[in-house]
Amino acid sequence: IAPNATLAVPPADVPPLLIALQGTDAEATSRGNGTPANSGSRRSLKAVDILRSPADHVSEIRNIGKTTARFLVVEFGGAGE
């Protein structure tokens with residue numbers, strides 16, 4: 001994610017894990033699906049922090065650093081996959 005850019009992580013039956021990699025300085029906002037964009041909780045993400053939002057939440061990650069923020073994304077299959 002480029003500096004000052006955001007990445008939206010939509011709700012999913014089985015939400016992915018996002019693991020912040022070295023050099024990452026980002027902020028995550030998580031809110032219930034269908035709630036106003038300015039509501040929800042915020043948390044800072046640095047290297048090795050893990051983000052996993054509840055299935056019914058929308059998360060936005062904003063790079064607040066001066067360099068590209070990088071994440072390892074681990075996805076899990078749904079029922080029967």
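- Here the straight-line distance linking atom CG of Asn63 with atom CG of Asn4 works out to 7.0 Å at 0.5 Å rounding.
- Both Leu17 and Leu21 belong to a common hydrophobic cluster when Ile, Leu, Val, Met, Phe, Trp and Tyr are linked at side-chain heavy-atom distances under 4.5 angstrom.
- A salt bridge (Lys or Arg N to Asp or Glu O under 4.0 Å) with Asp25 is found for exactly one of Arg70, Lys46, Lys66, Arg62, namely Lys46.
- Every residue meeting the side chain to side chain contact (heavy atoms under 4.5 Å, CB included) condition with Val73, not counting sequence neighbours, appears here in chain and number order: Pro16, Leu18, Glu75.
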Determine all donor-acceptor pairs shorter than 3.5 Å in which one atom belongs to a side chain in residues 50-58; sequence neighbours excluded.
from	atom 1	to	atom 2	distance (Å)
Arg52	NE	Pro15	O	3.2
Arg52	NH2	Pro15	O	3.4
Ser53	OG	Ser59	OG	2.3

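- Atoms CZ and CZ, from Arg31 and Arg42 in turn, are 11.0 Å apart once rounded to the nearest 0.5 Å.
- Note on Val9: it does not cluster hydrophobically with Phe76, by side-chain heavy-atom contacts below 4.5 Å among ILVMFWY residues.
- Atom CG of Leu45 and atom CD1 of Ile64 lie 8.5 Å apart (nearest 0.5 Å).
- Here Asp49 contributes atom CG and Phe71 contributes atom CZ; the two are 9.0 Å apart, rounded to the nearest 0.5 Å.
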